[in-house]
Amino acid sequence: MKKSILLSLLLFFSLFQAMAGVELGGAENNDNIDNTVIIARIKSDDIEVTIPSVIYTFLDTEIKLKFKNPEHTRLLYNNNKVGFIINGDDTILSFVNGECTIKKQFSTSDKAITIYAEEFSYRNNITPISLWYIIVPVLLLIGLIAFIMIRRRSIN
């Protein structure tokens with residue numbers, strides 16, 4: 001009888017310890033988790049942003065993002081894909097060798113470009129040039145040349 005009670009108590013305590021290990025953080029003892037890898041957050045000094053000095057409303061503008069360290073742990077952990085918020089739109093960008101090019105069109109009402117990811121933030125004021133700023137002077141020049149040519153023919 002004593003043996004069966006001792007066996008029951010031993011079984012009860014071993015079961016209790018196993019359940020307590022699961023409830024109190026048994027994941028620390030899991031051999032499948034690598035706790036040595038620290039995935040760094042993306043900070044403002046991790047990425048260089050390059051935008052053209054002149055932005056047209058009728059053309060795609062190429063914005064280049066480049067990680068200063070192409071082997072940033074966030075890139076390695078996410079298979080070179082990182083989520084960004086560009087002018088309020090969620091976008092997942094794919095990086096090759098730590099570099100990515102975004103094509104974006106701007107309207108005349110856009111006043112700035114903003115890019116956010118984790119602790120990274122970028123803001124640059126822009127003034128997109130409308131198509132009319134190019135077409136109107138060209139049409140005026142063509143009209144002036146045509147007027148001068150017509151006037152010379154009528155004088156002769």
Side-chain angles (χ1 to χ4, degrees), residues 14-153:
S14 63
L15 182 63
F16 179 74
Q17 283 180 333
M19 292 178 77
V22 170
E23 290 179 2
L24 299 175
E28 291 98 72
N29 299 325
N30 190 347
D31 293 335
N32 296 331
I33 296 175
D34 186 6
N35 292 327
T36 61
V37 177
I38 298 173
I39 301 167
R41 295 183 60 81
I42 300 171
K43 297 181 180 179
S44 291
D45 59 344
D46 289 335
I47 299 177
E48 294 176 358
V49 179
T50 307
I51 61 169
S53 58
V54 179
I55 297 174
Y56 299 103
T57 58
F58 54 93
L59 293 176
D60 285 339
T61 302
E62 287 190 358
I63 302 165
K64 294 181 182 179
L65 300 176
K66 180 181 178 183
F67 273 86
K68 292 179 182 175
N69 176 11
E71 294 182 2
H72 192 278
T73 54
R74 180 61 63 186
L75 286 175
L76 297 176
Y77 179 73
N78 291 335
N79 295 325
N80 293 319
K81 293 182 181 179
V82 179
F84 285 85
I85 300 172
I86 302 171
N87 282 4
D89 298 327
D90 286 334
T91 308
I92 296 178
L93 301 177
S94 296
F95 288 81
V96 177
N97 295 327
E99 297 182 13
C100 176
T101 301
I102 310 162
K103 293 189 179 201
K104 181 151 179 62
Q105 278 196 351
F106 294 95
S107 66
T108 54
S109 63
D110 291 327
K111 302 295 179 203
I113 180 168
T114 57
I115 303 172
Y116 301 108
E118 296 178 355
E119 295 176 14
F120 171 79
S121 66
Y122 176 83
R123 178 180 169 78
N124 190 12
N125 293 330
I126 59 172
T127 307
I129 297 174
S130 177
L131 179 62
W132 294 111
Y133 291 162
I134 296 172
I135 291 177
V136 169
V138 170
L139 289 176
L140 287 174
L141 183 63
I142 292 171
L144 181 64
I145 292 170
F147 176 74
I148 291 172
M149 289 175 61
I150 292 172
R151 188 156 183 210
R152 281 191 182 169
R153 286 189 184 164

**Asked** Does E118 have any salt bridge (Lys or Arg N to Asp or Glu O under 4.0 Å) partners at least two apart in sequence or in another chain, and if so, which?
**Response** R74
**Asked** In chain order, what residues pass the salt bridge (Lys or Arg N to Asp or Glu O under 4.0 Å) check against K68, with sequence neighbours excluded?
**Response** none
Distance-minimising heavy-atom pair for [X] and [Y]:
X: T108; Y: S130; result: CG2-CB, 3.8 Å
X: D110; Y: P128; result: O-CD, 3.4 Å
X: P137; Y: I134; result: CD-O, 3.4 Å
X: E119; Y: S44; result: O-OG, 3.5 Å
X: I126; Y: A112; result: CG1-N, 3.7 Å
X: L75; Y: G98; result: CD1-CA, 4.1 Å

**Asked** Is the count of non-hydrogen atoms from other residues, nucleotides or ligands lying under 6.0 Å from N69 atom CG greater than 12?
**Response** yes
**Request:** Count the heavy atoms belonging to other residues, nucleotides or ligands that lie under 6.0 Å from NZ of K66, then report whether that count exceeds 12.
**Result:** no
**Geometric class of the F120/F84 ring pair [parallel <30°, tilted 30-60°, perpendicular >60°]** = perpendicular
**Item:** Contacts of type ring-ring contact (aromatic ring centres under 6.0 Å, His included), residue Y56, not counting sequence neighbours
**Value:** F58
Sequence-distant partners of [X], side-chain contact (heavy atoms from CB on, under 4.5 Å), two or more places apart:
X: I92; value: K81
X: I150; value: none
X: Q105; value: D60

**Prompt:** Which residue, I113, L65, T61, forms the side chain to side chain contact (heavy atoms under 4.5 Å, CB included) with I102?
**Reply:** L65
